[in-house]
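Right, one structure below, let's go through it.
All residue numbers refer to positions in the sequence shown, counting from 1.
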Amino acid sequence: MEKSATRIDWIGNSCRLLKATAAEFERMRPFEGLSIGTGIHLEPKTVALLMTLRAGGARLVCTGNLNSTQPSTVAFLRTQGITVFATQTTDPVAHHQSLEAVIAEKPDLLLDNGGDLFAIAAEKPYANLRGGTEETTSGRTRLLPLRERLKMPILVINDSPIKQFAENRHAVGQSLFESYLRFTNRSTNGKRVTVFGYGACGKGTAACFRNAFSTVSVVDIDPVTTLEAHLDGFTTPLRDQAIRSADIIVTVTGFAGIVTAADLPLVKDGAILMNGGHFPHEIDVEAFRRHPDVIGIDRYEADHIETFHLGDGRSFHVLGDGHMANLAGPRPLGNTVESMDLGFTLQARCLERIARGEAGPQSCLVPVPRDIDAMVASAYLDLAR
């Protein structure tokens, strides 16, 4: 018998590790009587994680991240009786209100992505918060100064070696490359690409563009990391030259102000700028819009591309408003199913550890415990064999 299925169904059936974890959680109910507040991209792969947590008995209160919330995902979650405070928005004020609404529910555990929820909880502490997880390096960096105020177990998923190689190096690199093609429909062959940042995400991004016959340069503030890029076969010019030569500029650093209005004299005519970092501040798009040298802007609304025209005749293009390109623009697919299946299983297992009271305040902003890494890796390999 034929039936109509959705992308949420396709993703859910493809996340084999989460499905197995959900089956176990249904038996063991590690989150019985607990609520989990989440602030993470609301797209179909997240549904698979949230359904896994609910299978373990959790009551869920959810919001998303700037620009990446997919209305169809929100609608589905609400049909499942899950409380969702989220709209698809690029307005930081509206987004902050949704985060405040999650914290107002006083969830027992938090699943954070960028440190948004824990930052509010540090300002407005409540007694029943046991701890939770932080997905990103950006979030860890943001929360470290608040460590003494938080004083609870917060396990950093991005510090897991599995997350670093499976999602950051392989999946982010692959999805940013795919996003460039999806946005522009332009080739990479023979293009000069500059990648800012040579962490795991930068390594994957640089490799994917090189594999697609681009000439790739890497810029990183750490000389040791820059040396690694050099020995990996990438050119490592000084920053200004790397911008001047680039047909495509990709930022994947996790820090603000990587490409700013001060760089406009350097940007090559026709260059394409895209960001792969979590926050939309690596490329200062707002400063471009206000700059007196910008004499006109073309907005390709359906394609989420802006073309900036400069007074000297040059023009350049920004993809996705400077937001994380693999979850921006038309048909935002994000990272691969397999990588998120691994990363989200790490999330579920870390939350389980905290729910069971097996991690204390000394585990505030620490990496995923090695035994959880080993458990998740072994389970994935068993399914793959």
Side-chain angles (χ1 to χ4, degrees), residues 65-67 90-93 95 114-115 136-139 141-142 172 176 179-180 183-184 191-199 201-202 205-206 209 216-223 225-226 229 234-300 304-329:
N65 291 138
L66 273 175
N67 194 51
T90 59
D91 179 5
V93 175
H95 176 55
T136 65
T137 298
S138 301
T141 301
R142 178 182 180 185
V172 171
L176 285 177
S179 296
Y180 165 82
F183 270 100
T184 68
K191 295 292 196 303
R192 293 182 176 87
V193 178
T194 290
V195 175
F196 277 90
Y198 201 64
C201 294
T205 302
F209 276 96
V216 180
S217 299
V218 170
V219 178
D220 196 287
I221 59 172
D222 185 340
T225 304
T226 304
F234 298 104
T235 59
T236 55
L238 295 176
R239 181 183 181 280
D240 286 5
Q241 180 54 35
I243 294 175
R244 282 194 183 96
S245 66
D247 300 303
I248 304 163
I249 295 174
V250 189
T251 58
V252 275
T253 72
F255 294 97
I258 302 304
V259 180
T260 71
D263 298 314
L264 289 182
L266 306 175
V267 175
K268 185 178 180 181
D269 183 33
I272 294 172
L273 280 61
M274 60 186 291
N275 172 46
H278 178 72
F279 291 112
H281 58 201
E282 299 202 24
I283 301 171
D284 196 348
V285 182
E286 280 301 320
F288 296 166
R289 293 178 182 138
R290 298 190 304 266
H291 199 276
D293 288 352
V294 174
I295 62 170
I297 302 174
D298 296 331
R299 290 188 173 90
Y300 300 87
H304 298 247
I305 299 172
E306 282 183 279
T307 298
F308 293 82
H309 298 284
L310 300 171
D312 62 6
R314 289 177 296 134
S315 62
F316 65 95
H317 318 282
V318 176
L319 307 185
D321 201 32
H323 286 271
M324 189 163 50
N326 57 2
L327 279 169

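- Of all heavy-atom pairs between A325 and S179, the closest is O-OG, 3.6 Å.
- T137 meets the side-chain contact (heavy atoms from CB on, under 4.5 Å) test with R140, T141, N158; sequence neighbours excluded.
- Contact detail for S315 and T307: the closest heavy-atom pair is CB-CG2, 4.1 Å.
- Taking the six-membered ring where the residue is Trp, F308 and F316 present parallel rings, their angle staying beneath 30° rather than reaching 60°.
- K268 pairs by the salt bridge (charged side-chain N to carboxylate O under 4.0 Å, His left out) definition with D247, not counting sequence neighbours.
- The minimum heavy-atom distance between D298 and H309, with the atom names listed, is OD2-NE2, 2.7 Å.
- A side-chain donor from one of N275 and T251 sits under 3.5 Å from a side-chain acceptor of the other.
- Nearest heavy-atom pair, L273 versus V267, reported as atom, atom and distance to 0.1 Å: CD1-CG1, 4.5 Å.
- When atom types are taken as modelled, the side chain of E282 and the backbone of V259 share no donor-acceptor pair closer than 3.5 angstrom.
- Electrostatic pairing of D321 and R289 counts as a salt bridge here, judged by a charged N lying under 4.0 Å from a carboxylate O.
- With T253 contributing its side chain and G197 its backbone, the two residues share no donor-acceptor pair below 3.5 Å.
- Between the side chains of S217 and T235, a donor-acceptor pair is found at a separation under 3.5 Å.
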